[in-house]
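Just passing along the structure, written as structure tokens.
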Number of protein chains: 2
Amino acid sequence: MCVIVTTFSRIGTSPAPGSRRITITDVARTAGVSIAVVSYALNGRPGVSDRTRRHVLRTAADLGWRPSAAARSLRSVPRSVSVQAVGVAAAARTTAVALGLRAALDDAEATPATDVVVDVAPDHDVGARDLEHAWTERRHGAFVVTGLHRDDPRTRLVADHGVPLVPLVPQQRGGMLGTAPGSVPGLVWFSGDAEERAARYLRELGHRRVALLVQDGHDDPSRLLLDALAGAGDGAHVVTEEIVYRTEEDAAARAARLLATANRPTAVVADGDVALLAVLEAARQRGLEVPWDLSVLALEDSPACRLVHPPATAVARSWAELGAAAAVLVRPLLGGQPPRDDDDDAPAAAARLVIRGSTAPVPA
Amino acid sequence: MCVIVTTFSRIGTSPAPGSRRITITDVARTAGVSIAVVSYALNGRPGVSDRTRRHVLRTAADLGWRPSAAARSLRSVPRSVSVQAVGVAAAARTTAVALGLRAALDDAEATPATDVVVDVAPDHDVGARDLEHAWTERRHGAFVVTGLHRDDPRTRLVADHGVPLVPLVPQQRGGMLGTAPGSVPGLVWFSGDAEERAARYLRELGHRRVALLVQDGHDDPSRLLLDALAGAGDGAHVVTEEIVYRTEEDAAARAARLLATANRPTAVVADGDVALLAVLEAARQRGLEVPWDLSVLALEDSPACRLVHPPATAVARSWAELGAAAAVLVRPLLGGQPPRDDDDDAPAAAARLVIRGSTAPVPA
DNA sequence: TTGTAAGCGTTATCAC
DNA sequence: GTGATAACGCTTACAA
């Protein structure tokens, strides 16, 4: 990034702590050119002879020059991206997005390196405030958000403050967000119809009473699933029930209560590891054997899905892949260009249904 | 933060996207004072009359002024902290640290708000490079790291580049890091002797063959536990075995193999959710009943520990609390002061052993 | 108590 | 192709 540092001249040359920064002025003086030339050379801009450019690059590397993020941001769009995580529950997902994004951005031969950071907010409202502040303070050049839901306070930011938002939505296009009034430009979404396939799969297995166990305040690919379950096809009516939990204790309690009801669901959809484990434990307590007495389907694949018994059928979304796809939208924003408006070729990552052992036909 | 914005005058006044930033110059002009006065007033510095200060604050709020992070960082230490997460596995923990830290930093009446971000690196080496770059580019004022292990490349950064590091170590003081050659100043650690208590507990239950299932490349509170298990007390010798896994598949395979051995351990210590679930499933497969046939102890409490059956005995560390404790060391760094050297009153958070149903005496 | 002005390290616009 | 030089928004001596 920035400069391919031929580091041999710096071996053991630990810059005395507290010593003055090395600036392009130093590089210019050492190289015997003006700072303008150094700037051009360092940024790979035309207008410098190749000889000079090489010389400058060499000098900068020898001196151990590194750009000052602050000075740079003072004039142009900051070369950093913030990915927002709302709540600890979203940590793993957001981390994956950040890793995918940084890998994709690094790929580019683009000289100036970009920094990808995660902003972690306790809830959606604080998250919205975070974004507004970070943007008005010009801390980052682009803001990636996940877990947008209908009426998410963060949606308004793009209209109200012009925040360069890149929303990642866990659903295929045409979902609620694409058509909502506060529609946001520059969406990135998952391709494929994993939720619909999951719904069809459950229907085909004969399930007619399905419950969803979802965490409070979370985005709802669950809604897509509900719609798909309800939206007939073969005419058979599916009774659905959405159960919202807050803590894992709560999840356990609700799962237990759910399975204790007279006509309990024949299938339960869990929105994450917590819900999954809660359902499995509730089933065990009541002596229900998964999948024969109860089918369980997870809406987010994870190591836990693969480790529990039986391994859980799950919708697998590669958040890292989605983060990488987001790079296409992030890059122009960092270049100071306006967000793309043509949804048509919005980048996407594939979501798919992974069938494992936790789902089976309804017992006869 | 910064200013208590009496927002009534901004209702509906969405600053036209693309409009020029509001700077202290604007505030100064509107308020009819010089920019120096505005700066002093805004930063709560002495040298401004109360009347003027209120007037300036009021004007800034009315105008919707927000500081420019870049311009500020250009002269002083950036008012932002980076918390580094190495790998997705550390995501939840790091997120908790960040939340705790930001809560603690917000608490302070300190006028200038601080931004806490998470830097997520795929591995320790990239993490070290990240830190070096972020520091030489002066992106943040302080860097919090967790999961330091012996010979961690990041340890050298403080000596080599003067990086203002605040390491969080998951052990009580006097552990390996405190005495290692590359000793780092300004540690924050957990108080209490949870690992030793865990070891003592297992010994008291009669366990003499204990295995540890730990992820590759992770920090080792496990080592503390091993030492404590080995370090006698009652003379009885405890045979320990450390098993390192990489992926969750690997964990499952190794757990299965471990329990299939002739004289399998009577207790297994898992370093996280993945290891815990792997062991539980391996036990189930072999028809071993936890805790009667096998005791399981987790080295990191989590929702999963509370949801599995039986609920897992675990060492509970409040990473959020530790993050909050770190604020004490972070604050002076953001003020441009040198790191504290007196380990003596290093802040700490409590780690404790939570005994649940997954551990029991060795069968007679 | 307030104002003026010199930086901070870049980028960008000019002349040369 | 290259070199001065003016921004960028803020902090901080120092002068008034």
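The sequence lines fix the lettering, A, B, ..., with proteins before strands; numbering per chain opens at 1.
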**OP:** Would you indicate which nucleotide in C:dT10, C:dT11, C:dA5 comes nearest to any side-chain atom of A:Arg21?
**Re:**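 Closest of the options to the side chain of A:Arg21: C:dT10.
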Original post:
Phosphate oxygens OP1/OP2 of D:dG3: is one of them under 4.0 Å from a side-chain N or O of A:Ser34?
Top reply: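 True: A:Ser34 side-chain N/O within range (under 4.0 Å) of D:dG3 OP1/OP2.
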Subject >> Donor-acceptor pair present, A:Arg75 side chain and D:dA7 base, under 3.5 Å >> reply: yes
Original post:
Given C:dT10, D:dG3, C:dT2, which nucleotide is nearest the side-chain atoms of B:Val48?
Top reply: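 Nearest listed nucleotide: C:dT2.
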Original post:
Closest to the A:Ala36 side chain: D:dA4, D:dT5, D:dC10?
Top reply: D:dA4
**OP:** Take atom CD1 of A:Ile22 and atom P of C:dC8, then tell me their distance rounded to the nearest Å.
**Re:** 15 Å
Original post:
Nearest-Å distance, CZ (A:Arg51) to C1' (D:dT2)?
Top reply: 14 Å
Original post:
Rounded to the Å, how far apart are B:Arg45 CZ and D:dC14 C1'?
Top reply: 16 Å
Original post:
Expressed in angstrom and rounded to an integer, what is the separation of B:Arg66 atom CZ from D:dC10 atom P?
Top reply: 11 Å
**OP:** Please determine if A:Arg58 and A:Asp62 form a salt bridge, counting it only when a charged side-chain N lies under 4.0 Å from a carboxylate O.
**Re:**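 So A:Arg58 pairs with A:Asp62 through a salt bridge.
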**OP:** Determine yes or no for a side-chain-to-main-chain donor-acceptor pair under 3.5 angstrom, with B:Asn43 supplying the side chain and B:Arg45 the backbone.
**Re:** no
Original post:
Which part of the nucleic acid does A:Thr23 contact within heavy-atom distance under 4.0 Å: base, sugar-phosphate only, or nothing?
Top reply: sugar-phosphate
Original post:
If you check every side-chain atom of A:Val33, which of D:dC10, C:dG3, D:dG3 has the closest atom?
Top reply: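 Of the options given, the side chain of A:Val33 lies nearest D:dG3.
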Original post:
Within the structure shown, what part of the strands sits under 4.0 Å from A:Arg53 by heavy-atom distance: base, sugar-phosphate, or nothing?
Top reply: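 Counting heavy atoms under 4.0 Å across all strands, no contact is made by A:Arg53.
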**OP:** Determine whether B:Leu165 and B:Leu131 make a side-chain contact, defined as any pair of heavy atoms from C-beta on separated by less than 4.5 Å.
**Re:**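 A side-chain contact under 4.5 Å exists here.
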**OP:** Send over the distance from B:Leu74 CG to C:dA6 P, rounded to a whole Å.
**Re:**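 Rounded to the whole Å, the gap is 17 Å.
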Subject >> Nearest-nucleotide 5' precedence on DNA chain C, B:Tyr40 against B:Ala71 >> reply: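 Per heavy-atom nearest nucleotide, the more 5' residue is B:Tyr40.
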**OP:** Return the value, rounded to whole Å, for the distance between atom CD1 of B:Ile35 and atom C1' of D:dA13.
**Re:** 13 Å
Subject >> Touch class at under 4.0 angstrom, heavy-atom based, for A:Ser73 against every strand present >> reply: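 No contact.
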Subject >> Under 4.0 angstrom between B:Thr52 side-chain N/O and C:dT2 OP1 or OP2 >> reply: yes
**OP:** Calculate the interatomic distance between B:Leu42 atom CG and D:dG9 atom C1'; express it in whole Å.
**Re:** 12 Å
Subject >> Any B:Ser76 side-chain nitrogen or oxygen under 4.0 Å from OP1 or OP2 of C:dC8 >> reply: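 False: B:Ser76 side-chain N/O out of range (4.0 Å or more) of C:dC8 OP1/OP2.
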Original post:
Just by modelled atom types, is the A:Ile22 backbone N or O under 3.5 Å from a matching donor or acceptor in the A:Arg66 side chain?
Top reply: no
**OP:** Using a 4.5 Å cut-off on heavy atoms from C-beta on, say whether the side chain of B:Arg102 contacts that of A:Val126.
**Re:** yes
**OP:** Give B:Thr25 one of three labels, base, sugar-phosphate or nothing, depending on what nucleic acid heavy atoms sit under 4.0 Å from its own.
**Re:**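 Nothing: the residue B:Thr25, judged by heavy atoms under 4.0 Å, touches no strand.
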Subject >> Test: B:Arg138 cationic atom under 6.0 Å from B:Trp135 six-membered ring centre, within 45° of axis >> reply: yes
Original post:
What's the CD1-P distance between B:Ile24 and D:dC8, to the nearest Å?
Top reply: 13 Å
